[in-house]
Amino acid sequence: MREVRKGMLLVISGPSGTGKGTLCERLLRSDATMSFSVSATTRKPREGEQDGVHYHFISDARYDELLAQDAFLEHATVHGHRYGTLRSQVEAGIEEGRNMLLDIDPQGALSIMQKKPDTVSVFILPPSYTVLRERLKTRNTEDPDEIMKRLSNAYGELAQLKHYQYAVVNDQLDTAFERLCAIILAEKHRTIRYFPEIYED
Ligand code: 5GP
């Protein structure tokens, strides 16, 4: 048997505080075929974030340059900061047959889904607004203004759920991760990206 696989574009969205980042990290650790698309952003790094790993942290001027060069597959302003997916990185990954994971907001996700209809889209939801509020406060990575901004944006983001193919409620991390893996496993076997060839023996 011989098998050829085409790379998958996997877009994951969800309000800040849903545990989306943790799910993505876990996925990248457990699935060697998955690569993270490192976005460019004008946001300042948080403690522990590394340039080139979590994001490419760039200046407004550099962001404008990249925009002018049409270097972004999609870009959006989220919570007052600018973020963009680097076209070259995603296209090179897919070309190599890799599965590319994009952790991006609904504006960017919708734009990618339009440009690339084979995109697999997953929306991660918190079990309740109360839990979301608590998670944002206890993770302690943003100042109170930033938390308020992220909470008020959550309502608008959740309204975009209907545009996604899959929804995963992250009530319990292990269960949510299992569900995410099941979606990915099924999507890997779609005949648009999986081509097994069998022979006599
Ligand atoms: P954070 O600042 O918490 O890392 O990310 C804030 C939001 O921006 C998250 O919803 C994240 O998914 C989104 N985001 C990160 N990178 C990109 C990107 O390249 N494009 C878009 N549209 N959103 C992004």
Side-chain angles (χ1 to χ4, degrees), residues 9-28 34-60 62-67 69-94 100-116 119-126 132-133 135-161 163-164 166-168 170 180:
L9 202 57
L10 171 65
V11 164
I12 298 193
S13 303
S16 287
T18 45
K20 178 182 50 148
T22 310
L23 286 168
C24 288
E25 274 171 26
R26 215 157 148 176
L27 188 59
L28 289 162
M34 200 66 75
S35 290
F36 185 60
S37 156
V38 182
S39 295
T41 184
T42 59
R43 161 166 88 60
K44 297 282 165 281
R46 293 187 194 119
E47 212 178 298
E49 281 184 332
Q50 282 171 271
D51 188 36
V53 176
H54 298 93
Y55 283 105
H56 297 288
F57 294 100
I58 59 173
S59 64
D60 273 302
R62 178 70 188 134
Y63 190 96
D64 288 335
E65 257 174 39
L66 290 170
L67 260 184
Q69 292 164 6
D70 196 27
F72 295 131
L73 188 55
E74 65 71 37
H75 59 90
T77 298
V78 191
H79 317 312
H81 307 288
R82 300 199 287 172
Y83 299 83
T85 300
L86 292 163
R87 185 192 300 280
S88 55
Q89 196 188 147
V90 171
E91 288 179 352
I94 296 291
M100 296 302 293
L101 167 61
L102 278 68
D103 169 352
I104 61 176
D105 91 309
Q107 304 168 70
L110 263 53
S111 145
I112 299 244
M113 290 178 214
Q114 269 166 9
K115 287 181 195 153
K116 304 207 180 268
T119 301
V120 178
S121 54
V122 183
F123 198 96
I124 313 288
L125 293 90
L132 185 69
R133 209 169 296 126
R135 283 187 190 161
L136 267 175
K137 281 183 191 154
T138 50
R139 80 176 187 180
N140 216 12
T141 47
E142 280 87 19
D143 61 40
D145 280 356
E146 194 73 20
I147 291 177
M148 282 314 295
K149 212 189 289 174
R150 282 165 190 257
L151 264 175
S152 59
N153 287 346
Y155 294 89
E157 288 178 353
L158 278 153
Q160 303 300 319
L161 169 66
H163 300 297
Y164 287 72
Y166 298 99
V168 172
N170 185 12
L180 182 59

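Reckoned from all heavy atoms, side chains included, excluding hydrogens, waters and symmetry mates. Note that ligands are numbered from 1 as they come in the structure, with each ligand's atoms numbered from 1 the same way.
Atom numbering of ligand 1 starts at 1 in the shown order; those under 4.0 Å from a heavy atom of Lys20 are 9 (C), 10 (O), 11 (C), 12 (O). The contact set between ligand 1 and Gly108, taken as ligand atoms under 4.0 Å from a residue heavy atom, comprises 22 (N). Below 4.0 Å from some heavy atom of Ala76 lie the following atoms of ligand 1, by number and element: 22 (N). Ligand-side atoms of ligand 1 in range of Arg43: 1 (P), 2 (O), 4 (O), range being under 4.0 angstrom from any heavy atom. For ligand 1, the atoms lying closer than 4.0 Å to a non-hydrogen atom of Arg46 are 1 (P), 2 (O), 3 (O), 4 (O).
The heavy atom nearest to atom 3 (O) of ligand 1, out of those in His75, Arg150, Arg82, Glu49, is found in Arg150. Across Ile104, Thr18, Val38, heavy-atom proximity to atom 18 (C) of ligand 1 is greatest for Ile104.
Of the protein's heavy atoms, Asp103 O, 3.6 Å lies nearest to atom 14 (N) of ligand 1. The protein heavy-atom contact nearest to atom 17 (C) of ligand 1 is Tyr83 CB, 3.4 Å. Nearest to atom 16 (N) of ligand 1 among the protein's heavy atoms is Ser39 OG, 3.3 Å. Nearest non-hydrogen protein atom to atom 22 (N) of ligand 1 is Asp105 OD1, 2.7 Å.
The existence of a salt bridge linking Arg43 and Glu49 is confirmed by a sub-4.0 Å separation between a basic side-chain nitrogen and an acidic carboxylate oxygen.
Taking the six-membered ring for Trp and the full ring otherwise, the centers of Tyr63 and Phe72 sit less than 6.0 Å from each other.
Legend: salt bridge (charged side-chain N to carboxylate O under 4.0 Å, His left out) pairs involving residues 103-115, not counting sequence neighbours, sorted by first then second residue: Lys20-Asp103.
The side chain of Val78, and not its backbone, has at least one atom closer than 4.0 Å to an atom of ligand 1 (non-hydrogen atoms only; side chain from C-beta on). Counting heavy atoms closer than 4.0 Å to ligand 1, residue His81 contributes nothing at all.
For the ligand labelled ligand 1, residue His54 lies outside the 4.0 Å heavy-atom shell. The shortest separation from a heavy atom of Tyr55 to ligand 1 is under 4.0 Å, placing the residue in contact.
Rounding to the nearest 0.5 angstrom, the gap separating the CG atom in Leu132 from the NZ atom in Lys137 is 10.5 Å. Taken to the nearest 0.5 Å, the CG atom of Leu9 stands 10.0 Å off from the OG atom of Ser121. Note that CE of Met34 is 9.5 Å distant from SG of Cys24, once rounded to the nearest 0.5 Å. Atom-to-atom distance recorded for Gln107:CD and Glu157:CD is 8.5 Å, nearest 0.5 angstrom.
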